[in-house]
Amino acid sequence: MNSLIPFICLGIGALISWRGLPETVLKGFDILINVALIILMLVIGLNIGTSPQVMGHLGQIGFNCAMLSLFAIFASAFLVAVCEKTVLPLEETRRQFASDELGEDTPQESHFSPLIIIMPTCIVIGILAGFFVFQNISHSMLDWVLTISLVLLYVGVGVSLGENKHVFQYIKKLGLRLIILPAAIFLGSILGGLIIGFVLRIPLNYAVISASGMGYYSLTGAMMTDYFGVEAGIYGFVVNVIRDVFTIILMPLLIRISKGSPIAAGAAGCMDTMLVPVTKAVGTELGIVALISGTILTFVVPVWLPISQMIFS
């Protein structure tokens, strides 16, 4: 998807709701978002289940890739949580903002959403269906459905922004400190790759570079194949594909670690497929933080990969 499309769709959604919408229309948008989100999760699962690169390497390489992805997620979440406790208090700033600007003494916490259970279930259903039933499904059709789902989701988030204009004041209050968040996610991903690379004796160029792809699986897989060969490309692709899956599956745990942890797990994917799932977990204010962070990381990865190749070659 073109990198401008998310912002265009968000803008369209915000314009639709800027002057306010009837409650029934907002409920309709919410239902539409939930349906599109379920379709998105099913398509992600189908893409995995029909991918020989992923399903054909579920042995030792699959285990190594899963561990790399998990350690990249938790190392990123750990560094983000440290930042939240020190220099970037996302939730404290949100509470203070709600009290000072909105007159809310006790801002409501995000309620548990059944989607937190439904989303990983849909991914698993999609994987099984793709592997056992739809091996010959057209990938161009899946890409088309994926794109339509994402467009609907971005417009839906934009509608939510238009209804909650105070979000932009919250972002202004955080200011340039927002840069700390993607920096922590980036460093955490590298750290996670280094740790598990040493523990499992995975070549460090495979481990570190694949983990620091931060969900950008297409580019990471292609560039690692070009730099180091087919096996390295499998690591680059699989580690970053399953990072999205783990982000969804681990969402109930991540949100308990800190508000920024789901954003850390989604990483560069927060500009793309992970934006709405993460926003559902952390709320609209932090959803925009996730989009900004994901956008920065999406532009960092293409710059970092050639540099990392020179460092770890």
Practice problem: For side chain to side chain contact (heavy atoms under 4.5 Å, CB included), just list the numbers for Leu79 and Phe186, CA-CA rounded to whole Å, side-chain angles, deciding distance to a tenth of an Å, and then say yes or no. | Solution: CA-CA 10 Å; Leu79 290 186; Phe186 176 61; over 6 Å; no
Quiz prompt | CA sep, side-chain torsions, deciding dist, call: Ile61, Ile234, side chain to side chain contact (heavy atoms under 4.5 Å, CB included) | solution = CA-CA 8 Å; Ile61 290 179; Ile234 292 168; 4.0 Å; yes
Practice problem: Please step through side chain to side chain contact (heavy atoms under 4.5 Å, CB included) for the pair Arg177 and Thr93, ending with a clear verdict. | Solution: CA-CA 12 Å; Arg177 288 181 297 171; Thr93 303; 4.3 Å; yes
Quiz prompt | Working for side chain to side chain contact (heavy atoms under 4.5 Å, CB included), residues Thr24 and Lys27 | solution = CA-CA 5 Å; Thr24 53; Lys27 286 182 178 179; 5.7 Å; no
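By the 4.5 Å heavy-atom criterion applied to side chains, Met214 and Cys270 are not counted as neighbours. You'll find the side chain of Ile195 stays beyond 4.5 Å of the side chain of Phe74, heavy atoms only. In this structure, Pro306 and Tyr227 have side chains that are in contact, with non-hydrogen atoms separated by less than 4.5 Å. With contacts defined as side-chain heavy-atom distances shorter than 4.5 Å, the pair Phe63/Leu200 qualifies. Using a 4.5 Å cut-off on side-chain heavy atoms (C-beta onward), Ile179 and Ile296 make contact. Two residues are said to be in side-chain contact when any heavy atoms from C-beta on lie closer than 4.5 Å; Phe29 and Leu152 fail this criterion. Under the 4.5 Å side-chain criterion, counting only non-hydrogen atoms from C-beta, Ser210 is in contact with Leu68. In this structure the side chain of Val80 never reaches within 4.5 angstrom of the side chain of Leu88, judged on heavy atoms.
The line from CG of Leu40 to CD1 of Ile148 is 12.5 Å long, rounded to the nearest 0.5 Å. Separating the CD atom in Glu285 from the NZ atom in Lys173 is a distance of 13.0 Å, to the nearest 0.5 Å. Atoms OG and CG, on Ser189 and Leu194 in that order, are 11.0 Å from each other to the nearest 0.5 Å. Atom CD1 of Ile307 is separated from atom CD1 of Ile209 by 11.5 Å, given to the nearest 0.5 angstrom. Here the straight-line distance linking atom OG1 of Thr50 with atom CG of Leu46 works out to 6.5 Å at 0.5 Å rounding. Atom-to-atom distance recorded for Leu250:CG and Ile73:CD1 is 6.0 Å, nearest 0.5 angstrom.
In terms of heavy-atom proximity, Arg243 sits nearest to Ile185 at NH2-CG2, 4.2 Å. Ile255 approaches Pro262 most closely through the heavy-atom pair CD1-CG, 3.9 Å. Of all heavy-atom pairs spanning Ala66 and Ile242, the tightest one is CA-CD1, 3.4 Å. Shown here for Gly188 and Ala75, the closest heavy-atom pair between the two residues is O-CB, 3.1 Å. When all heavy atoms are compared, the tightest approach of Ser76 to Ala72 is OG-O, 2.8 Å. Of all heavy-atom pairs spanning Val208 and Gly193, the tightest one is CG2-C, 4.2 Å.
For Gln309 (side chain) and Met224 (main-chain N/O), no donor-acceptor pair under 3.5 Å exists by modelled atom type. Side-chain atoms of Thr247 come within 3.5 Å of backbone atoms of Ala265 as a donor-acceptor pair (strictly under, hydrogens ignored). A donor-acceptor pair is defined here as one N or O able to donate and one able to accept, closer than 3.5 Å; such a pair exists between the side chain of Glu84 and the backbone of Gly260. Between the Thr298 side chain and the Gly294 main chain, a donor and an acceptor come within less than 3.5 Å of each other. For the pair Asn240 (side chain) and Gly236 (backbone), a donor-acceptor distance under 3.5 Å is present.
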Listed pairs under 3.5 Å, donor-acceptor, residues 5-14 side chains, sequence neighbours left out:
none

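Using cut-offs of 30° and 60° for the angle between ring planes, the Phe228 and Tyr206 rings count as tilted.
The local environment of CZ in Phe312 is crowded, with over 12 non-hydrogen atoms from other residues, nucleotides or ligands closer than 6.0 Å. For OH of Tyr217, the number of neighbouring non-hydrogen atoms (other residues, nucleotides, ligands) closer than 6.0 Å is 12 at most.
Applying the side chain to side chain donor-acceptor pair (under 3.5 Å) test to Asn34 and every residue at least two apart in sequence or in another chain returns Lys280. For the side chain to side chain donor-acceptor pair (under 3.5 Å) test, no residue two or more places apart in sequence or in another chain qualifies with Ser308.
Under the 4.5 Å side-chain contact rule for hydrophobic residues, Tyr154 and Leu15 do not share a cluster.
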